[in-house]
Amino acid sequence: MSRRATTIVLTVEERRELQRRVRARTSSQQAAQRARIVLSAAEGARNIDISAELGIARHTVQQWRDRFAAARLAGLEDRPHGPPPRKKGVDRRARILGLAAQSPAELGWSGQTHWSVRDLARYLSEHPELGVGRPSKSTVGKILQAADLRLERL
């Protein structure tokens, strides 16, 4: 963010929409407040004056002013919250299931006829070249259970 407030110039349609958001009974309080910030900014008010009038932080006024300037009305919408989508989901599970279907002896673990969840997790952790990270024993168990794969029956 810059130290100077972004100048806001509204089109007729944008002004109409922002005024509708302020007056609408069904608008959330957040949407109405964001609209008030932009309308005040378009009238030439300073961030400090808008923040005092609305009883909010100056940084909040600056944030919504900048977001509106960058994306217009779409910039006033909420952004998604929560963790980002998983990157390795399906591919990682497929690799783990493929390794679980192979016998330990084929992969260099001699002396065992089948995998245990603990041994499979340990093997995956010791071999980063497989590209599945270091899944815990419980993660490996959940993946196998979701696929209805029973290691003792392979």
Side-chain angles (χ1 to χ4, degrees), residues 1-102 115-151 154:
M1 285 186 239
S2 66
R3 292 185 57 80
R4 295 192 61 95
T6 308
T7 304
I8 302 292
V9 178
L10 298 174
T11 65
V12 175
E13 294 82 22
E14 287 173 336
R15 183 175 299 278
R16 208 175 290 140
E17 173 61 20
L18 290 169
Q19 289 171 340
R20 185 197 65 75
R21 289 182 187 188
V22 169
R23 289 190 313 264
R25 291 180 165 207
T26 57
S27 290
S28 70
Q29 290 300 307
Q30 291 174 329
Q33 185 175 62
R34 294 169 190 172
R36 281 188 204 97
I37 290 169
V38 174
L39 287 169
S40 295
E43 292 170 3
R46 297 180 316 154
N47 288 347
I48 195 80
D49 297 333
I50 297 170
S51 65
E53 178 187 332
L54 299 177
I56 56 177
R58 183 189 53 79
H59 172 76
T60 303
V61 174
Q62 182 69 47
Q63 174 188 356
W64 292 112
R65 183 190 282 248
D66 288 345
R67 279 186 53 181
F68 180 82
R72 308 309 289 178
L73 290 172
L76 300 181
E77 301 300 322
D78 282 334
R79 291 183 179 160
H81 296 275
R86 294 179 183 230
K87 295 179 183 172
K88 303 184 204 174
V90 176
D91 185 43
R92 180 182 187 196
R93 279 178 271 180
R95 287 184 188 169
I96 291 173
L97 293 172
L99 289 168
Q102 296 178 19
W115 290 109
S116 68
V117 173
R118 182 175 159 216
D119 288 338
L120 182 57
R122 188 180 322 144
Y123 179 82
L124 295 170
S125 294
E126 291 173 359
H127 293 85
E129 70 274 5
L130 297 173
V132 294
R134 297 179 53 109
S136 68
K137 178 177 69 171
S138 61
T139 300
V140 172
K142 288 175 187 176
I143 291 170
L144 296 173
Q145 187 176 25
D148 199 25
L149 186 64
R150 307 271 307 263
L151 293 175
L154 290 177

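Small disclaimer: the values here were computed from a predicted structure and weren't measured.
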**Q** Flag yes if more than 12 heavy atoms outside Q145 fall under 6.0 Å of its CD atom; otherwise flag no.
**A** no
**Q** Counting neighbours of CZ on R134 that are heavy atoms of other residues, nucleotides or ligands and sit closer than 6.0 Å, is the number greater than 12?
**A** no
**Q** Which atom pair, heavy atoms only, marks the closest approach of Q33 to L54?
**A** NE2-O, 4.3 Å
**Q** With heavy-atom distances below 4.5 Å as the criterion, would you say the side chains of I143 and L149 are in contact?
**A** no
**Q** Rounded at 0.5 Å granularity, tell me how far NZ in K137 sits from OG in S125.
**A** 12.0 Å
**Q** Does R122, at its CZ atom, have more than 12 non-hydrogen atoms belonging to other residues, nucleotides or ligands within less than 6.0 Å?
**A** yes
**Q** For the side chain of R65 and the backbone of I8, is there at least one donor-acceptor N/O pair under 3.5 Å apart?
**A** no
**Q** Please report the shortest heavy-atom distance between G141 and V117, naming the atom on each side.
**A** N-CG1, 3.7 Å
**Q** Determine the minimum heavy-atom distance between R95 and G131, stating which atoms define it.
**A** NH1-O, 3.0 Å
**Q** Are more than 12 heavy atoms from other residues, nucleotides or ligands located less than 6.0 Å from atom CD of Q29?
**A** no
**Q** Kindly indicate whether the side chain of T60, heavy atoms from C-beta on, has any atom under 4.5 Å from the side chain of S51.
**A** no
**Q** Any side-chain heavy atom of Q30 sitting closer than 4.5 Å to one from D78?
**A** yes
**Q** Given side chains that start at C-beta, do those of W115 and V140 come closer than 4.5 Å, heavy atoms only?
**A** no
**Q** Could you walk me through whether L76 and L18 satisfy the side chain to side chain contact (heavy atoms under 4.5 Å, CB included) test, starting with their C-alpha distance in whole Å, then the side-chain angles of each, then the deciding distance to 0.1 Å, before giving a yes or no?
**A** CA-CA 10 Å; L76 300 181; L18 290 169; 3.6 Å; yes
**Q** Do L10 and E17 come close enough that some side-chain heavy atom pair is under 4.5 Å?
**A** no
**Q** Going by heavy atoms in the side chains, are F68 and E14 under 4.5 Å from each other?
**A** yes
**Q** Identify whether the distance between the nearest side-chain nitrogen and carboxylate oxygen of E13 and R20 falls below 4.0 Å.
**A** no
**Q** Under a 4.5 Å cut-off applied to non-hydrogen side-chain atoms, are D66 and Q62 in contact?
**A** yes
**Q** For the side chain of R21 and the backbone of A32, is there at least one donor-acceptor N/O pair under 3.5 Å apart?
**A** no
**Q** Answer yes or no: is there a donor N or O on one side and an acceptor on the other, between the side chain of T139 and the main chain of P135, under 3.5 Å?
**A** no
**Q** Could you tell me if the side chain of R79 sits less than 4.5 Å from the side chain of R67, heavy atoms only?
**A** yes
